[in-house]
Visitor: 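For reference, the structure I am asking about is given below.
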Amino acid sequence: MNHSQYNYVSSLSRLQQEAANGYAHLVTAAKTEYRNMPIFVRPSECNQGSLIVDQTAQNILTKCRLHDVGTPYEVFSNGGCLFDSVSVSLCGTQEFSTELRVRTTIEMIRLKSRIMSLPVTPSLMTVSPNYVASVFSCASPGVTHQYGQYLLWQMLLVCL
């Protein structure tokens, strides 16, 4: 199965339904989704022509003399802006944000012991009440803003 055939919206919905039944159910659902979804393939070409530059952020970067760090783009204000932003950064479009949310949720579950053993994890835990709460937050669109910073670090740690 390739990327375009897999329905990440349905996958996220299944994860959310199981999360409502508790962490153990979410873990089981994540294992099933992991087995069924294709590997992530970054698009070979990024189409940034349709993106709108965030002028406010651009002005801040310029004032701070950070104009060489990249171009900030506007993303949807839909409760999933963290994943929208990462999708734009990685792929040049917001279309992969749901896939990234699903994959991050699954990887946070799969790699829990590895992530929890990293030296930086205790300082990240101050942002979220606990690891399980951050996983639930990741699986639930619209609530990422509560633990967005923690989830961003989790997304980066999953890549280690």
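All residue numbers refer to positions in the sequence shown, counting from 1.
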Visitor: Could you pull out the closest heavy-atom pair between Tyr23 and Phe136, with the gap in Å?
Guide: N-CZ, 3.6 Å

Visitor: Any chance OH of Tyr34 has more than 12 other-residue heavy atoms, nucleotides or ligands included, within less than 6.0 Å?
Guide: no

Visitor: Show the numbers, then the answer: is there a side chain to side chain contact (heavy atoms under 4.5 Å, CB included) between Leu51 and Thr71?
Guide: CA-CA 10 Å; Leu51 298 173; Thr71 304; over 6 Å; no

Visitor: If the condition is side-chain contact (heavy atoms from CB on, under 4.5 Å), which residues does Thr62 pass it with, not counting sequence neighbours?
Guide: Gln58

Visitor: Using only atom types and a distance under 3.5 Å, with no angle test, would you say the side chain of Tyr131 pairs donor to acceptor with the backbone of Met108?
Guide: yes

Visitor: Between Tyr6 and Asn36, does a side chain to side chain contact (heavy atoms under 4.5 Å, CB included) hold up when you go through it step by step?
Guide: CA-CA 9 Å; Tyr6 193 78; Asn36 293 332; 4.2 Å; yes

Visitor: Output all residues satisfying side-chain hydrogen bond (donor to acceptor under 3.5 Å, both in side chains) with Glu74, sequence neighbours left out; order by chain, then residue number.
Guide: none

Visitor: Which residue pairs pass the salt bridge (charged side-chain N to carboxylate O under 4.0 Å, His left out) test with at least one member in residues 10-35, sequence neighbours excluded?
Guide: Arg14-Glu33

Visitor: Atom CG of Leu26 and atom CG of Leu15: how far apart are they, to the nearest 0.5 Å?
Guide: 6.0 Å

Visitor: Check whether Tyr73 and Ile60 end up in the same hydrophobic cluster, where Ile, Leu, Val, Met, Phe, Trp and Tyr are linked by side-chain heavy atoms less than 4.5 Å apart.
Guide: no

Visitor: According to side-chain hydrogen bond (donor to acceptor under 3.5 Å, both in side chains), who are the partners of Ser97, at least two apart in sequence or on a separate chain?
Guide: Asp84

Visitor: Please say yes or no: joined through hydrophobic side-chain contacts below 4.5 Å, possibly via intermediate residues, are Leu111 and Met37 part of one cluster?
Guide: yes

Visitor: When rounded to the nearest 0.5 angstrom, what distance separates OG in Ser85 from CG in Leu100?
Guide: 11.0 Å

Visitor: Please determine whether side chain to side chain contact (heavy atoms under 4.5 Å, CB included) holds for the pair Phe83 and Thr104, giving the CA-CA distance in whole Å, both sets of side-chain angles, and the decisive distance to 0.1 Å.
Guide: CA-CA 10 Å; Phe83 291 97; Thr104 301; 3.6 Å; yes

Visitor: Got a sec, which residues hit side-chain contact (heavy atoms from CB on, under 4.5 Å) with Leu12, two or more places apart in sequence or on another chain?
Guide: Gln16, Thr98, Arg101, Val102, Pro141

Visitor: Partners of Ala20 by side-chain contact (heavy atoms from CB on, under 4.5 Å), sequence neighbours excluded?
Guide: none

Visitor: Step by step, would you call Glu99 with Arg103 a salt bridge (charged side-chain N to carboxylate O under 4.0 Å, His left out)?
Guide: CA-CA 6 Å; Glu99 177 179 354; Arg103 289 183 181 280; 2.8 Å; yes

Visitor: Can any side-chain N or O of Ser137 pair as donor or acceptor with the backbone N or O of Ala133 at less than 3.5 Å?
Guide: no

Visitor: If every non-hydrogen atom of Cys138 is compared with every non-hydrogen atom of Thr105, which pair is closest and at what distance?
Guide: SG-OG1, 3.1 Å

Visitor: Do Val88 and Phe96 come within less than 4.5 Å of each other through their side chains, counting heavy atoms only?
Guide: no

